[in-house]
Student: 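Before I ask anything, here is the structure I am working with.
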Amino acid sequence: MENLMVVYEALPFLLQGIITTLGLVLSALFLGFIIGVPLAIGQVFASSWIKKIIAIYVWFFRGLPILVLLFLFYYGLFTMIGLNLTAFMAAVLVLGLRSSAYQSQIFRGSIQSLGKGQLMAAYSLGMSKGKAIWNIILPQALRISIPGWSNEYPAMLTESAITYAIGVMEILTRGNFIASRTYLPMPIYLTCAIIFLLLSYSGMKLLHLLEEKVRMPGFEK
Amino acid sequence: MPKNKELILQVKDIHKSFGDKEVLKGISFEVHKGETKVIIGPSGMGKSTLLRCINQLTIPDKGTIWLRGQEVNHHNARQINQFRQKIGMVFQDFNLFDHLNAVSNVEIALIKVKGMKKQEARDKAMSELQKVGLVKQAFLYPAELSGGQKQRVSIARALAMDPEVMLFDEPTSALDPELIGEVLGVMQKLAQEGMTMVVVTHEMGFARSVADEIIFLERGRILESGPPEKLFYQPEYERTRKFLFKLTELYGDIKGYHKR
Amino acid sequence: MINWQFFLEILFPALQEGFLMTIKLVCWSIPIGLVVGIVIAVGRVYGNIIVSFFCKAYIVFFRGTPLLIQLFILYYGLPSLGIYLSPFVASVIGFILCSSAYHAEYIRGAIQSVKSGQILAAQALGMSKISAVLNIVLPQALRRAIPGCSNEIIYLIKYSSLAFMVTCIELTGAGKIVASRYFAYTEVFLVIGVIYLALVSLVSKLLNILEDRLAFPGWENKK
Ligand SMILES: Nc1ncnc2c1ncn2[C@@H]1O[C@H](COP(=O)(O)OP(=O)(O)OP(=O)(O)O)[C@@H](O)[C@H]1O
Ligand SMILES: [Mg+2]
């Protein structure tokens, strides 16, 4: 009973964390997309030294734990270059850059799965490389990427809790705050867990709807 | 050879190697307006490479391509794009844009390359589809078309750019036998209407009835060329006779193609 | 100017201990996590309704919630129920629970990609169903699950840094302590980053070699 009361009283405070968590996750996914697409194009079409640089970028961001990246950038590099960011902004940047590395691999795979034929056809009609990539390759590659890309959302969602370590006021940080005050950690943590499960589930449902919506002949999985 | 006709395409001494394998060892020929050249030759002997060299999808190691007396400079990307607009290309495996329906496949280059207005491009695309008999299928996606229909869309797509010359790279060899006729029919009609064409094909019935000249490519060189009657009935080389005999046996003469 | 003394006398000794703790964490978690994952996957596919439902719930919960919450529950939550775990034990249990859920999902997919006719064929030879699963299906399924499971193992190595959040001082934690005492975050975490990169690259090389070693003709043609 006491447990329920605590959860009931804590709920509004916890739910506010949803805004922070979703804001963080969506911004980082968006940033990852914006950077990930050109990275993928570069990895397929650019000159070999640009490919190498991108490969190192991807290797770096995929090889380091999020916690280390957060500490390195938030307490180290950002401060060093005089960038005075809030914890939230730093978290968006770090998660976004990291996600761009993962997303670029998804898009790269899709681009490569298209094969060279359509590119040839586009060139034979007089399209420049840029036009061919933009009008022919990207629309298809992005569509093919949707299933793989959908997994980025739940992954990013669960990972976003790690930003607790630099004090971003997301769901878990708030839960922890209450747990340490009320000495009733169990119900609070479980509530947080359920909130995450619900966010994950509803997000996936939305993504499936999107998948249905852009489905077209020849692009079934 | 119709000497009085306008010269459209000149291929001069084209060489191309991949690694240490020399695929083309100096190919030269000329195509005049309204002519149909058919290129034949054993598999893997560089026929596709030759066609790709003509519109610079593959850059030749040596030799030049001339369109209406103008040399194509492959160092100039913009000039190449302009030049490719004037050369239509049809591929063996269609290479339709899978995310666009038939009419969009035909109009996309009109809009994005020629800068045509959407409505104008749509009208033009529909009239090209009509020429290949696919108005009803205009809004179907490539995945919903048969092989023969796909190839006809790809022909319409190339025609829409109003090319000076069309290149066909084995346009029927990925098709089921019963679908070959519809594509050859479209090509024959094009030839009759005066389109200038260079066709790589093993369809001897088509070659015999439509070609002005057959070019026999072997080991990276033109072994022999001439009008169909000559190559079929009085070839200079035993090799040519044997190859043509084998092809005719394999593919047969497609019925219904009559000398114009 | 680089202060070599700082690196040699302060940072490296501290990181050495932390590194050993990281290795200890992953060496416990990886194999046990895999075994639990296999059990859960088998239960999910072949168990009766109740077992299968339990396994599904297990997978959904541990994949759908942040690992950090799981660790907090184990370390800060359980004491309120009278269960006290050391930071190390809480971390290892958390890693096992979470990684086994991911392994289970990869292995389940692999099991379902093995043609069901093979179980029938095995049963026709007189094998029991359990024996058919153990001897025929699992060897193939595990081979197919290697890429996914390898991926998960790499994730686990990186996620082991979260043990620090429940006061188990491993590599990241050791670095954080030094970094905040000497205010040298950039240097410390660049060094730590290099260590993780080396570790992760080494392990993924090894896993790739393992994957090649265990290949059998035709296994790529999944469907
Ligand atoms: N991009 C390339 N890189 C390396 N080798 C190539 C490349 N393109 C073609 N080749 C090689 O050049 C040779 C000629 O190829 P090409 O496709 O032009 O032959 P083809 O006469 O069209 O054969 P087919 O009848 O099979 O279509 C082949 O041996 C092929 O392997
Ligand atoms: Mg060819």
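None of the values given here were measured: they were computed from a predicted structure. Proteins get letters first, then strands, A, B, ... in listed order; numbering begins at 1 in each.
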Student: Taking the six-membered ring for Trp, are A/Y57 and A/F61 closer than 6.0 Å centroid to centroid?
Tutor: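 That pair passes the under 6.0 Å test.
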Student: When the ring planes of A/F33 and A/F107 are compared, do they come out parallel, tilted or perpendicular, using 30° and 60° as the limits?
Tutor: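 The arrangement is perpendicular - the two ring planes meet at more than 60°.
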Student: Can we say C/R44 and C/E105 salt-bridge, meaning some charged N sits less than 4.0 Å from an Asp/Glu carboxylate O?
Tutor: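 Salt bridge flag = no for C/E105 with C/R44.
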Student: Look at C/G175, C/P66, C/G77 and state which one has the largest set of heavy-atom pairs under 4.5 Å with chain A.
Tutor: C/P66
Student: What option among A/L77, A/I162, A/I195, A/T79 has the most heavy-atom pairs under 4.5 Å with chain C?
Tutor: A/I162
Student: Taking A/Y102, A/F60, A/Y183 one by one, which has the highest count of heavy-atom pairs under 4.5 Å against chain C?
Tutor: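 Top count of heavy-atom pairs under 4.5 Å with chain C: A/Y102.
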Student: Go through the atoms of A/L197 and report whether side chain, backbone, both or neither lie under 4.5 Å from a heavy atom of chain C.
Tutor: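 The answer is both parts of A/L197.
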Student: Is the distance between the ring centroids of A/Y164 and C/F72 less than 6.0 Å?
Tutor: yes
Student: Measure the shortest side-chain to side-chain distance between C/C149 and C/I107 over non-hydrogen atoms and say whether it is less than 4.5 angstrom.
Tutor: yes
Student: Heavy-atom pairs under 4.5 Å with chain C - which of A/C192, A/G63, A/P187, A/S180 has more of them than the others?
Tutor: A/G63
Student: Where on C/L190 is there a heavy atom nearer than 4.5 Å to chain A: the side chain, the backbone, both, or neither?
Tutor: both
Student: At a 4.5 Å cut-off on heavy atoms, which part of C/V60 comes close to chain A: side chain, backbone, both, or neither?
Tutor: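 Both parts, backbone and side chain.
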Student: When the aromatic ring centroids of A/Y74 and A/F78 are compared, is their separation below 6.0 Å?
Tutor: no
Student: For each of C/S160, C/P79, C/S161, tally heavy-atom pairs with chain A at distances under 4.5 Å, and name the one with the top tally.
Tutor: C/S161
Student: Show the numbers, then the answer: is there a side chain to side chain contact (heavy atoms under 4.5 Å, CB included) between A/Q16 and A/M169?
Tutor: CA-CA 9 Å; A/Q16 276 175 37; A/M169 284 300 278; over 6 Å; no
Student: Taking side chain as everything from C-beta outward and backbone as N, CA, C, O, which of these in C/Y159 sits under 4.5 Å from a heavy atom of chain A? Side chain, backbone, both or neither.
Tutor: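 Side chain only.
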